[in-house]
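We name chains A, B, ... by the order of the sequence lines, and we start the count at 1 in each one. We use all heavy atoms of the structure for the numbers below, so side chains are in, but hydrogens, waters and symmetry mates are not.
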Amino acid sequence: MTPDELSEALSAALASAVADGTLALDADALPSSVHVERPKQREHGDWATNVALQLAKKAGTTPRALAEDLAGRLGSTPGIKAVDVAGPGFLNITLEAGAAGELARTIVEAGAEYGRSDALDGQVIDLEYISANPTGPLHIGHTRWAALGDSLVRILRAAGADVTAEYYINDAGAQMDRFGASVLAQIHGTEVPEGGYRGEYVAELGRQVLAANPQIVDLPEDEAVALARDEAYRLQLAEIRDVLDSFGVHFDVWFSERTLHDSGAVTTAVERLREQGHVYDDGGAVWLRTTDFTDDKDRVLIRANGEPTYFAADAAYYLSKKDRGFPGKIYLLGADHHGYINRLKAISAAAGDDPAANIEILIGQLVSVQGAKLSKRAGNIIELRDLVEWIGADAVRYSLSRYPADTPLELAGEEMIKQSNDNPVFYVQYAHSRTCAVDRNAADRAVRRVLDDGTDGFDPALLDHPTEAVLVGRLTEFPRIVAQAAELREPHRIARYLEGLAADYHKWYAECRVLPYPDEEVQDVHRTRLWLNDAVRQVLANGLDLLGVSAPERM
RNA sequence: GCGCCUGUAGCUCAGUGGAUAGAGCGUCUGCCUCCGGAGCAGAAGGUCGGGGGUUCGAGUCCCUCCAGGCGCACCA
């Protein structure tokens, strides 16, 4: 029996109580679905609901009286072993072991599909994340968005959404020229210009640019800067793509800001917004009246000197996403960008969209290392590449995915490396590799889920140990957890769930042997437990995949 | 000054109005004669930042104060 089926049974009980006049409520005053949840305390049964507490007052009765009545109506439902009324009026429901354990077979047969849902079916979404400037390597700050963004893509897809992962390359503007000048300065061995980029990577880029373009030293200054800029940009972008690849993060679209300028899309965007009636001229500049919406001041699109602002490119980029057919646009941004929320929503509204439905801005808090702020220009960066090399992609991804994005994260500098062995990712991965070890040993002992005669030897009623009720209950929750993580855009819920599942599995493993002892015959209890073992293996693998973390067969 | 985020165990953090507030790490005590000890069982450790309020019920919602982070450009 699944929680959905249980919920329906409760709805039916409520409806019958209304029908025979026991419950003095209109049928349409009943909740559309009854919420059931896993109680924290094991002795409170497999599932619990507070529906009696919520309805009693409206019906002019007491929660306990209503709960008692519902308990009576539910008692004879097939698959339900016991219904108890507890505390102020909770209904605690215990399922028959067989009814609950059937899930193990369902999961094994569903395989990688278990956990997927249609919760977000039909939604077409563009999810933009990282979008770091191509003027330096990705550092630990970007790494958080890389891990969260990619996991979110996977989770949204598992919930049925059609998602395109997109990286916006800020390859236009004065910063690129400063970048080129900085690289050129390294080539010439001169001082890094004011506001330029520093760090060993700039020197390395200089060496590579010089090696491939020895003629650069003879070019006029402006041509040399342009060449250094374009060559270093190409190298740096390739480096970013390469390191993301090694991190298991892949984008469907790499979108160049420069193409917006070169194609005239920025100019067109300003015109389109003007047609919508939200653009005006003042002081020689062109403004978007973002205060028509939720912004606290208007924003400049075209400066008095004729140059478009970064904001104008943002508007053009938004229109591009709209034109390319994405009703849903999710931006995953760092907290240092939260000042843009209102103006981005204003762009959406000014373009004729509904900001509440067409744009969603997720703000993630920044990562700090022992209080030190990380600055590219200061050169004190911890690079993603180094992190992966030190503690491994799995451990980095997992430890950044197990916290909500809006939690400010403080990582302990040197501790991080030695911390790797204590990372909860190994606890979860170990549980998975343990299920695989059981499978290997089962094969050696000729314990199989399906017998030679075609019967499967699966008897869920044999899963009657307390740790099995807990474990099966946890497996039941997985699809809801995935759907919830998708709807709330919170990948960390997957990680926390997996930690709980791994704990339940380890406890079960310590209490219930899957394989027979050497002098023992293979019986259905062993085969049935193997089904459960493999169901856990499948859910661990499915969950880890949603986080972009590997599920090793051996460690 | 204004806005957004955060404040929960020694540390890093879970907990989208429910019952006795949890996990990992750290500390202490047990458990490998049989499926992997990267594990299990147990102990210690909390005025959920302070104060009001709403509710049958508040770590969770509202108000207020305190503390920390981030942001308030014709920069990108």
Side chain to side chain donor-acceptor pair (under 3.5 Å) involving [X] - partner list, sequence neighbours excluded:
| X | result |
| --- | --- |
| A:Tyr427 | none |
| A:Tyr317 | A:Glu166 |
| A:His465 | A:Thr467 |

May I ask you to say what A:Asn92 touches in the nucleic acid, namely base, sugar-phosphate or nothing, with a heavy-atom cut-off under 4.0 Å?
base

Using a heavy-atom cut-off of under 4.0 Å over every strand shown, decide if A:Ala86 touches base, sugar-phosphate, or nothing.
base

Consider only side-chain N and O atoms of [X] and [Y], and report whether a donor and an acceptor are under 3.5 Å apart.
| X | Y | value |
| --- | --- | --- |
| A:Asp171 | A:Ser256 | yes |
| A:His278 | A:Asp292 | yes |
| A:Trp508 | A:Glu468 | yes |
| A:Thr435 | A:Asn533 | no |
| A:Gln175 | A:Asn170 | no |
| A:Tyr340 | A:Asp314 | no |
| A:Asn423 | A:Tyr398 | no |

Expressed in whole Å, how much space separates the [atom1] atoms belonging to [N] and [M]?
| N | M | atom1 | result |
| --- | --- | --- | --- |
| B:G68 | B:A21 | P | 31 Å |
| B:A73 | B:U54 | C1' | 43 Å |
| B:A44 | B:G10 | C1' | 12 Å |

What nitrogen or oxygen pairs link the protein and nucleotides 43-46 of chain B at under 3.5 Å?
none

In which ranges does RNA chain B form stems of 3 or more consecutive Watson-Crick or G-U pairs, distances under 3.5 Å?
B:1-7 with B:66-72, B:10-13 with B:22-25, B:27-31 with B:39-43, B:49-53 with B:61-65

Measure all distances between protein nitrogen or oxygen atoms and nitrogen or oxygen atoms of nucleotides 54-58 of chain B, and list the pairs falling under 3.5 Å.
{"unit_1": "B:C56", "atom_1": "OP1", "unit_2": "A:Lys57", "atom_2": "NZ", "d": "2.2"}

Which residues, if any, of residues 512-520 of chain A bring a heavy atom under 4.0 Å of RNA chain B?
A:Cys512, A:Arg513, A:Val514, A:Leu515, A:Tyr517, A:Pro518

Just the atom pairs and distances: protein N or O near nucleotides 60-62 of chain B's N or O, under 3.5 Å.
none

Assess the residue pair A:Asp46 and A:Thr94 against the criterion (side chain to side chain donor-acceptor pair (under 3.5 Å)); give the C-alpha distance rounded to whole Å, side-chain angles, the decisive distance to 0.1 Å, and a yes or no.
CA-CA 5 Å; A:Asp46 294 319; A:Thr94 306; 5.0 Å; no

Rounded to the Å, how far apart are [X] [atom1] and [N] [atom2]?
| X | N | atom1 | atom2 | answer |
| --- | --- | --- | --- | --- |
| A:His526 | B:C35 | NE2 | C1' | 10 Å |
| A:Ile341 | B:C70 | CD1 | P | 16 Å |
| A:Phe90 | B:G17 | CZ | P | 13 Å |
| A:Leu362 | B:C70 | CG | C1' | 17 Å |
| A:Glu490 | B:G15 | CD | C1' | 11 Å |
| A:Ile363 | B:G3 | CD1 | P | 17 Å |
| A:Gln41 | B:G22 | CD | C1' | 11 Å |
| A:Gln429 | B:G36 | CD | P | 18 Å |

If we check side-chain contact (heavy atoms from CB on, under 4.5 Å) with A:Arg489, which of these qualifies: A:Leu148, A:Leu332, A:Ile155, A:Leu156?
A:Leu156

Less than 4.5 Å apart, any side-chain heavy atom of [X] and any of [Y]?
| X | Y | result |
| --- | --- | --- |
| A:Ile359 | A:Tyr331 | yes |
| A:Met176 | A:Thr135 | yes |
| A:Tyr509 | A:Arg434 | yes |

Does the protein touch nucleotides 8-14 of chain B at the base, only the backbone, or not at all? Give it as B, S and - per nucleotide, heavy atoms under 4.0 Å.
----SSS

Inspect the contact between [Y] and [X] and indicate whether a charged nitrogen and a carboxylate oxygen are less than 4.0 angstrom apart.
| X | Y | answer |
| --- | --- | --- |
| A:Arg299 | A:Asp295 | yes |
| A:Asp281 | A:Arg274 | yes |
| A:Glu490 | A:Arg493 | yes |
| A:Glu553 | A:Arg537 | yes |

Counting only side-chain nitrogens and oxygens, does A:Asn423 get under 4.0 Å of the OP1 or OP2 atom of B:G24?
no

Stacked cation flag A:Arg229 on A:Tyr233, 6.0 angstrom / 45 deg:
no

Nearest nucleotide by nearest heavy atom, which residue falls closer to the 5' end of RNA chain B, A:Ala437 or A:Glu499?
A:Glu499

Centroid distance under 5.5 Å and plane angle under 30°, A:His338 vs B:G71:
no

For nucleotides 37-42 of chain B, tabulate all protein N/O to nucleotide N/O atom pairs closer than 3.5 Å, reporting atom names and distance.
{"unit_1": "B:G37", "atom_1": "OP2", "unit_2": "A:Arg434", "atom_2": "NH2", "d": "2.3"}
{"unit_1": "B:G39", "atom_1": "O2'", "unit_2": "A:Arg434", "atom_2": "NH1", "d": "3.0"}
{"unit_1": "B:C40", "atom_1": "OP1", "unit_2": "A:Tyr427", "atom_2": "OH", "d": "2.7"}

Not counting sequence neighbours, which residues clear ring-ring contact (aromatic ring centres under 6.0 Å, His included) with A:Tyr403? List them please.
none

List, with names and distances, any nitrogen or oxygen atoms from the protein found under 3.5 Å away from nitrogen or oxygen atoms belonging to nucleotides 72-76 of chain B.
{"unit_1": "B:C74", "atom_1": "O3'", "unit_2": "A:Arg303", "atom_2": "NH1", "d": "3.4"}
{"unit_1": "B:C74", "atom_1": "O2", "unit_2": "A:Ala304", "atom_2": "N", "d": "2.8"}
{"unit_1": "B:C75", "atom_1": "OP2", "unit_2": "A:Arg303", "atom_2": "NE", "d": "2.9"}
{"unit_1": "B:C75", "atom_1": "OP2", "unit_2": "A:Arg303", "atom_2": "NH1", "d": "2.7"}
{"unit_1": "B:C75", "atom_1": "O5'", "unit_2": "A:Arg303", "atom_2": "NH1", "d": "3.1"}
{"unit_1": "B:C75", "atom_1": "N4", "unit_2": "A:Tyr340", "atom_2": "OH", "d": "3.0"}
{"unit_1": "B:A76", "atom_1": "OP1", "unit_2": "A:Arg303", "atom_2": "NH2", "d": "2.9"}
{"unit_1": "B:A76", "atom_1": "OP2", "unit_2": "A:Arg303", "atom_2": "NH1", "d": "3.0"}
{"unit_1": "B:A76", "atom_1": "O3'", "unit_2": "A:Ala172", "atom_2": "O", "d": "3.0"}
{"unit_1": "B:A76", "atom_1": "O3'", "unit_2": "A:Gln175", "atom_2": "NE2", "d": "3.0"}
{"unit_1": "B:A76", "atom_1": "O2'", "unit_2": "A:Gln175", "atom_2": "OE1", "d": "2.8"}
{"unit_1": "B:A76", "atom_1": "O2'", "unit_2": "A:Gln175", "atom_2": "NE2", "d": "2.9"}
{"unit_1": "B:A76", "atom_1": "N6", "unit_2": "A:Tyr340", "atom_2": "OH", "d": "2.7"}
{"unit_1": "B:A76", "atom_1": "N1", "unit_2": "A:Tyr340", "atom_2": "OH", "d": "2.1"}

Does the pair A:Leu498 and A:Leu544 meet the rule for a side-chain contact (heavy atoms from CB on, under 4.5 Å), with working shown?
CA-CA 8 Å; A:Leu498 291 175; A:Leu544 285 169; 4.0 Å; yes

A:Arg445 side-chain N/O to A:Val447 backbone N/O, donor-acceptor pair under 3.5 Å:
no

Within the 6.0 Å centroid threshold, strictly below: A:Tyr430 and A:His506:
yes

